[in-house]
Number of protein chains: 2
Amino acid sequence: MLWQVDPTAPQPLYEQLASSVRRAVADGTVTIGERLPSAKDVAASLDVNLHTVLRAYQVLRDEGLIELRRGRGAIVTAAHPGHARVASLVEQLVGEASSIGLGRAELAKLIQKGT
Amino acid sequence: MLWQVDPTAPQPLYEQLASSVRRAVADGTVTIGERLPSAKDVAASLDVNLHTVLRAYQVLRDEGLIELRRGRGAIVTAAHPGHARVASLVEQLVGEASSIGLGRAELAKLIQKGT
DNA sequence: ACCTATTTGTCCGTATGTATG
DNA sequence: CCATACATACGGACAAATAGG
């Protein structure tokens, strides 16, 4: 896959790295079930710090696009970044809402009304 | 406010720090508009690393509980952690959904159905 | 069952940048 | 102009989970 990083760009490196993965997933360069190269390898090949790559991976995990596990690496779990993000947010939202006593029906109303 | 950290606990330090703030907000020890002590001060007083405190603050920002700004610090923006989190998620969700062509009505249906 | 290598997770330290006051 | 405070990036160290021999 294509990794693009430009140290002079206004966006942080970790965000550029995350975008590279999102782009690759979006255009089918990498597909569900595939494993991304280890953060160490990416860092070495791009000459950026290991932590910077790990941070990008964690961003993508929070978006629901990949799954991260020690010893295993980063596995792509969704085909469309946008959909994965929405699905992830819905899941989190339903969980958090229930913890303050809001069910799906109340949530639906709340969203439809516009806060 | 009360900062509790236990290096031997299973939870990460940054999560323990975030919990301390959540607790303080929940019980009214700190209120909306108040500023949390600078990450540097917290780090020094608890003898933890600056980044660990900053990470905790960033978690709380993602939850919608505080606002972070360079030079200004961390300002509490919500009275109830749970509500802030839900509101933050709703806001993000509506935004992300619209970027993939989903409006509030479709979202509401999607949430009500249960994935 | 054991050991080793791999890979992410956390924490520490340092340096520099950027926005605020 | 200068001090404050968060943001990013680099580096190193160790822990924990996984996979494979």
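Bear in mind the structure is a predicted one, so any value in this text is a computation, not a measurement. Below, chains carry the letters A, B, ... as their sequence lines are ordered, and counting in each starts from 1.
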To the nearest angstrom, how far is [X] atom [atom1] from [N] atom [atom2]?
X	N	atom1	atom2	result
Leu36(A)	dT6(C)	CG	C1'	16 Å
Lys40(A)	dG9(C)	NZ	P	16 Å
Glu67(A)	dT7(C)	CD	P	16 Å
Arg61(B)	dT8(D)	CZ	C1'	12 Å
Asp41(B)	dA3(D)	CG	P	17 Å
Leu54(B)	dT10(C)	CG	P	16 Å
Arg70(B)	dG21(C)	CZ	C1'	15 Å
Asn49(B)	dG9(C)	CG	P	19 Å

Is the phosphate of [N], meaning OP1 or OP2, less than 4.0 Å from a side-chain N or O of [X]?
X	N	value
Arg55(B)	dT10(C)	yes
Arg35(A)	dT7(C)	yes
Thr52(A)	dC10(D)	yes
Gln58(B)	dA7(D)	yes

Count the heavy atoms of every other residue, nucleotide or ligand shown that sit under 6.0 Å from CD of Glu106(B), and state whether that count exceeds 12.
-> yes
Say whether Ser19(A) and Arg22(A), considering side chains only, have a donor N or O and an acceptor N or O under 3.5 Å apart.
-> yes
Donor-acceptor side-chain pairing of Ser20(A) and Gln16(A) below 3.5 angstrom | no
With sugar-phosphate meaning primed atoms plus P, OP1 and OP2, does Leu13(B) contact a base, only sugar-phosphate, or nothing at under 4.0 Å between heavy atoms?
-> sugar-phosphate
Measure distances between side-chain N and O atoms of His51(B) and base N and O atoms of dA9(D), and say whether any donor-acceptor pair falls under 3.5 Å.
-> yes
Measure from the side chain of [X], starting at C-beta and using heavy atoms only, and say which of [options] lies closest.
X	options	value
Tyr14(B)	dT7(C), dC11(C), dT18(D)	dC11(C)
Ser38(B)	dC10(D), dG9(C), dA5(D)	dA5(D)
Leu68(B)	dG9(C), dA7(D), dT14(C)	dA7(D)

Just how far is it from atom CG of Leu102(A) to atom CG of Leu110(A), taken to the nearest 0.5 Å?
-> 7.0 Å
What distance separates Asp41(A) CG from Leu46(A) CG, expressed to the nearest 0.5 Å?
-> 10.5 Å
Where each residue is assigned the nucleotide of DNA chain D containing its nearest heavy atom, which of Arg72(A) and Gln11(A) is assigned the position nearer the 5′ end?
-> Gln11(A)
